[in-house]
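All remarks here apply to the structure that follows.
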Number of protein chains: 2
Amino acid sequence: MRPSDVPDLRDLELFREMPGERFDELMRGAYVQTFPPMVDLITEGDMSDFLHVVLEGRVELFASWNGRETTIATVEPISTFILAATVKDAPYLMSARTLEKSRLILLPSSDVRKVFDADGAFARSVVSELSARYRAVVKNTKNLKLRSSIERLANYVVHQYEIGGQNPEFDLPIEKRKIASFLGMTPENLSRAIRGLRSYGVEFDAQHVTISDLDALRGLAKPSPLIDDADLPSVF
Amino acid sequence: MRPSDVPDLRDLELFREMPGERFDELMRGAYVQTFPPMVDLITEGDMSDFLHVVLEGRVELFASWNGRETTIATVEPISTFILAATVKDAPYLMSARTLEKSRLILLPSSDVRKVFDADGAFARSVVSELSARYRAVVKNTKNLKLRSSIERLANYVVHQYEIGGQNPEFDLPIEKRKIASFLGMTPENLSRAIRGLRSYGVEFDAQHVTISDLDALRGLAKPSPLIDDADLPSVF
DNA sequence: CATATCACTTGATAATTATCAAGCATAAAT
DNA sequence: ATTTATGCTTGATAATTATCAAGTGATATG
């Protein structure tokens with residue numbers, strides 16, 4: 001375990017309030033590992049062995065049923081995932097794979113639960129993180145159920161614009177096929193939705209997006225803080 | 001506050017581990033209220049004033065955007081709702097209304113947060129509840145994104161069959177229009193999906209459902225514990 | 001009893017979204 | 001440079017789902 005990774009972890013809301021000894025105890029069992037792209041990290045249905053933290057790279061969370069697959073989220077540094085399965089000692093609901101070369105810290109789930117049982121401050125941090133994630137998934141549900149695919153795309157574009165410092169030009173952070181899956185549509189349908197946004201002053205050139213009429217786009221997207229704003233600093 | 005309500009609350013996983021004095025402290029600020037059917041309890045976007053607990057009756061959680069509305073869940077006794085907004089001190093993401101005459105306990109959010117900050121055991125109980133709810137929403141997302149409407153209905157029927165003690169005849173617990181909204185479809189589409197289930201040996205007579213060919217139904221539904229099983233004793 | 005209301009159903013049609021197949025462009029591999 | 005692979009786009013078509021309008025049946029209301 002590289003000592004330089006520890007400060008990053010310590011800054012996470014999840015571990016910030018924890019007494020130093022507890023944190024060190026957690027770190028003793030932890031290990032850091034670097035994975036190539038497209039490596040399966042966890043498989044849905046398996047029991048939770050480790051709490052995962054992405055230090056570098058990018059990880060996709062996805063789920064499958066009956067031969068179909070859908071992207072639930074992509075996780076970027078520095079952020080944990082599958083916290084709920086870890087504290088519940090329950091099977092993973094999602095699978096995870098690296099999208100690019102990624103460095104992760106793996107904290108044995110049993111250690112996490114041990115600290116969790118002994119340390120009220122940690123328990124409170126977990127609550128904060130879980131609440132935020134819960135709310136993110138509820139927002140995602142509202143997005144899926146209340147909006148059409150072009151409306152979801154429009155809001156995705158507005159959101160990328162916002163988190164990119166309101167620059168009217170930016171690059172898509174992930175492949176279009178992943179965006180399509182995340183937004184709950186096929187790649188073909190995304191392609192057509194992208195063409196549909198031209199009448200709202202949005203041009204796509206491969207990964208590059210240019211917004212020329214923000215008002216028109218906003219008029220279609222009608223973004224709402226109760227659907228589109230993040231409770232979490234990172235992720236989703 | 002009726003003293004007979006207290007034991008019910010005390011049995012909730014959320015409050016079970018809590019020291020008696022803390023529990024009493026929480027109860028001092030609480031009050032019980034009975035509401036007629038179809039009363040708006042909370043409105044999405046408002047700040048969290050109270051943690052709500054349903055003692056009797058039934059409450060619908062729903063969300064709106066751009067004139068559209070969708071049912072997220074119905075809450076039955078004895079269960080809390082909007083816990084995440086309460087602990088985060090954040091705006092409600094969903095509105096709530098009574099579906100029938102309902103009795104609720106309202107716990108001031110600030111009291112809940114106070115106890116939460118002081119009591120590690122309570123924080124751990126909150127985590128357990130939140131994790132379960134988080135996982136329920138993730139399952140719901142998988143249901144929405146991976147299944148067609150008739151598949152969602154088929155799984156809904158299988159689920160009702162399971163929680164009703166595997167009796168091949170049972171009654172729908174809520175109005176069909178609510179079921180449609182919960183399953184993410186229009187009432188018309190639900191009507192047609194119901195007809196579509198006839199070829200799988202499921203007959204609907206108003207609210208009454210009869211399953212005559214469970215294998216056929218299961219073959220269509222393909223229920224999965226990673227989508228359809230509950231982490232929570234009640235709700236969803 | 002008659003009427004009104006409301007959930008539900010059905011039919012006709014439209015909109016949305018998915019599927020299948022082919023073609024294009026870019027980037028990696030030989 | 002040519003080939004190969006891959007992601008993306010486009011077209012044609014089909015399936016799914018929504019919308020609008022009308023009708024049915026049950027229950028409630030006057």
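Per chain, numbering begins at 1; letters A, B, ... match sequence-line order. Everything quoted here is computed from the prediction, not taken from an experiment.
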Salt bridge or not between B:E151 and A:R68? Use side-chain N to carboxylate O under 4.0 Å. yes
If the threshold is 4.0 Å, N to carboxylate O, is there a salt bridge linking A:R195 and A:E188? no
For the pair made of CG in A:N189 and P in D:dA15, what is the distance, rounded to whole Å? 17 Å
Measure CD1/B:I174 against P/C:dA7 and give the value in whole Å, please. 14 Å
B:F50 ring center within less than 6.0 Å of B:Y31 ring center: yes
What about B:E188, does its side chain sit under 3.5 Å from the base of D:dC20 through a donor-acceptor pair? yes
Ranking C:dT17, D:dT9, C:dT19 by distance to the side chain of A:R192, first place goes to C:dT19
Choosing from D:dT19, D:dG7, D:dT17, which nucleotide comes nearest the side chain of B:S149? D:dT17
Test: B:K142 and B:D228 ion pair at under 4.0 Å: no
Nucleotide D:dT9, atom C1' - distance to CD1 of A:I194 in whole Å: 10 Å
Using whole Å, report how far NZ of A:K145 lies from C1' of D:dT17. 15 Å
Tell me what B:R195 touches on the nucleic acid: a base, only sugar-phosphate, or nothing, going by heavy atoms under 4.0 Å. sugar-phosphate
What nucleotide among D:dC8, C:dT17, D:dG11 has an atom nearest to a side-chain atom of A:E175? D:dC8
Expressed as a whole number of angstroms, how long is the span from B:L153:CG to C:dC8:P? 13 Å
Taking 4.0 angstrom as the limit, do B:R218 and B:E162 come out as a salt bridge? yes
Round to the nearest Å and state the distance from A:L190 atom CG to C:dT19 atom P. 15 Å
Euclidean distance, atom CG of residue A:L99 to atom C1' of D:dG7 [Å, nearest integer]: 15 Å
Could you check how far NZ of A:K178 sits from P of D:dC8, rounded to whole Å? 10 Å
Any B:K176 side-chain nitrogen or oxygen under 4.0 Å from OP1 or OP2 of C:dT9: yes
Contact under 4.0 Å: B:S148 side-chain N or O vs D:dT16 OP1/OP2: no
